[in-house]
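Read through the structure below, which is laid out as structure tokens, and then see the notes.
Chain letters run A, B, ... following the sequence lines, proteins first and then strands; every chain starts at 1.
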2 protein chains.
Amino acid sequence: METTTAYSTAEALEMLCALSQESRLDIFRLLVQSGPDGLAAGAIARHCHLPAPTCSFHLKELKKGGLLRCCRHGRSQIYTVNLQGIRDLLDYLTEHCCTDHCDHEATNGADGREPEAVD
Amino acid sequence: METTTAYSTAEALEMLCALSQESRLDIFRLLVQSGPDGLAAGAIARHCHLPAPTCSFHLKELKKGGLLRCCRHGRSQIYTVNLQGIRDLLDYLTEHCCTDHCDHEATNGADGREPEAVD
DNA sequence: TATTTATTTCAATACTATTGGAAATATGGA
DNA sequence: TCCATATTTCCAATAGTATTGAAATAAATA
């Protein structure tokens, strides 16, 4: 495992796009709960109350974003979360969107601060 | 750390929607870099190569999602990142989308649950 | 091969988001 | 007050995303 987490903004954006939809966030959370064994497409559709084609569309988007994996098992397609994917997204957000002055519990807790014009 | 951050899925979703757009991710990252002093709307538009109305639209979306704050300073509107907002999103993702078997630091969580196929 | 079950692709439609010019609003200063 | 600057709102055009029934594909089994 050589995870350098040199995650590009483009890749992070694609992941954010994948997760930023209600049904897809539902599906993703369901699969996180389901653990490494994953779930078949049909079971996911039933759980999330989605018609099969709608569910299939969202699964494809999540897979495209690198958040899911799938493999065939008999007649079923078993979907599982790609753990490294969500970790990479968290790392990206921590690194690029939450740096130094935004370092967890570092600075003063309250929001109050007097901003000054820049530029 | 005393705050429980009971961030709802609906709120997390709104934040994900706010961040999952190229211009908005650009703006957000720019403001993270700019630190607590923030930047005026005009400066943000120039930095991100956006016409003023387009930039204003995106700033409003980010603010709606709880990722930015703004306050007037003379003729300028100064935008700053809402640190608690992005922290809450990270906490939500860690808690709901990256649990046990997706342990960041390979720590065996206090609740170790058996991952099993759900229905 | 024909049948059943599981899932995806297609295609039409509906919906939501993005864009940017023009006009409106807000502020500071002469 | 009038003018210049800073930003937002309005609005209409365009672009992109979501939804789902019907058809197609895939695999197991008789």
Side-chain angles (χ1 to χ4, degrees), chain A residues 9-10 13-31 34 37-80 114-119, chain B residues 9-10 13-28 30-31 34 37-80 117-119:
Chain A
T9 294
L13 185 59
E14 208 171 10
M15 256 188 201
L16 286 168
C17 288
L19 269 188
S20 64
Q21 205 277 345
E22 191 167 17
S23 300
R24 288 201 290 269
L25 187 54
D26 277 357
I27 291 170
F28 189 75
R29 290 186 56 194
L30 174 65
L31 288 174
S34 300
D37 290 345
L39 281 179
I44 297 169
R46 260 177 278 123
H47 264 277
C48 297
H49 309 100
L50 295 170
T54 303
C55 191
S56 189
F57 166 76
H58 289 308
L59 287 168
K60 196 171 65 176
E61 292 295 301
L62 285 164
K63 213 171 96 189
K64 199 173 69 180
L67 289 161
L68 297 186
R69 291 264 160 76
C70 85
C71 63
R72 184 172 278 281
H73 184 80
R75 274 181 286 208
S76 298
Q77 290 282 1
I78 306 293
Y79 284 86
T80 50
E114 200 51 35
E116 272 171 43
V118 177
D119 177 55
Chain B
T9 294
L13 185 59
E14 207 171 11
M15 250 185 208
L16 287 168
C17 287
L19 268 188
S20 65
Q21 205 278 345
E22 190 167 17
S23 299
R24 289 200 290 269
L25 188 53
D26 276 356
I27 291 171
F28 189 75
L30 174 64
L31 288 175
S34 300
D37 290 345
L39 281 180
I44 298 167
R46 258 175 280 122
H47 266 97
C48 296
H49 309 100
L50 296 170
T54 302
C55 191
S56 189
F57 166 76
H58 289 308
L59 288 168
K60 195 171 66 176
E61 293 294 303
L62 285 164
K63 215 172 95 189
K64 199 173 70 182
L67 288 162
L68 296 186
R69 292 262 160 77
C70 85
C71 64
R72 185 171 277 281
H73 186 83
R75 275 181 284 207
S76 298
Q77 290 281 0
I78 306 295
Y79 284 86
T80 49
V118 183
D119 195 348

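Regarding B/Ile44, its CD1 atom lies at a distance of 13 Å from the C1' atom of D/dA6, rounded to whole Å. Taking atom CD of residue B/Glu14 and atom P of nucleotide C/dT16, one finds them 15 Å apart after rounding to whole Å. Atom CG of B/Leu19 is separated from atom P of C/dA17 by 15 Å (rounded to the nearest Å). Rounded to an integer number of Å, the gap from B/Ile27 CD1 to C/dT19 P is 10 Å. Remark: C1' of D/dT17 and CG of A/Leu62 are 14 Å apart, rounded to the nearest angstrom. Going from atom NE2 of A/His73 over to atom C1' of C/dT7 covers 15 Å, rounded to whole Å. Atom CD1 of B/Ile78 and atom C1' of D/dT8 are 15 Å apart (whole Å). In this structure, A/Phe57 places its CZ atom 13 Å from C1' of C/dC15, rounding to the nearest Å.
Taken to the nearest 0.5 Å, the OG atom of B/Ser56 stands 10.0 Å off from the CD1 atom of B/Ile44. One distance of note links CD1 of A/Ile27 with CG of A/Leu68; it measures 8.0 Å at 0.5 Å rounding. The CG atom of B/Leu67 sits 9.5 Å away from atom CD of B/Glu14, with the distance rounded to the nearest 0.5 Å. In this structure, CG in A/Asp37 is found 9.5 Å from OG1 in A/Thr80, a value given to the nearest 0.5 Å.
Considering only side-chain N and O atoms, B/His58 lies nowhere under 4.0 angstrom from the phosphate OP1 or OP2 of C/dA17. Side-chain nitrogen and oxygen atoms of B/Ser76 include at least one within less than 4.0 Å of the OP1 or OP2 phosphate oxygen of D/dT7.
Each of B/Gln21, B/Arg24, B/Glu22 was scored for a side chain to side chain contact (heavy atoms under 4.5 Å, CB included) with A/Leu13, with one residue passing: B/Glu22.
Contacts of A/Ala45 with the nucleic acid, taken as non-hydrogen atoms under 4.0 Å apart, are absent. As judged by a 4.0 angstrom heavy-atom cut-off over every strand, B/Thr54 is placed among the base-contacting residues. Using a 4.0 Å heavy-atom criterion, one finds that A/Pro53 contacts the bases of the nucleic acid, with or without backbone contacts as well. Residue contacts for B/Glu61: at a heavy-atom cut-off of 4.0 Å it reaches no nucleic acid atom on any strand shown. Within the nucleic acid shown, B/Ala52 comes within 4.0 Å of at least one base atom, counting heavy atoms only.
For B/Arg75, taking side-chain heavy atoms from C-beta onward, the closest of the listed nucleotides C/dG28, C/dG20, D/dT8 is C/dG28. In this structure, of C/dT7, D/dT20, D/dT19, it is D/dT19 that holds the atom nearest to the side chain of A/Gln21. Closest contact between the side chain of B/Tyr79 and the listed nucleotides D/dT8, C/dT19, D/dT7 involves D/dT8. For A/Arg24, the listed nucleotide lying nearest its side chain is D/dA18; candidates were D/dA18, D/dA28, D/dT19. Here the nucleotide nearest the side chain of B/Ser23, chosen from C/dT19, D/dT7, C/dT7, is C/dT19.
Crowding of A/Arg69 atom CZ: a count of heavy atoms from other residues, nucleotides or ligands under 6.0 Å not exceeding 12.
Remark on DNA chain D: of its neighbouring residues A/Leu50 and B/Arg72, the 5'-side contact belongs to B/Arg72, judged by nearest-heavy-atom nucleotide.
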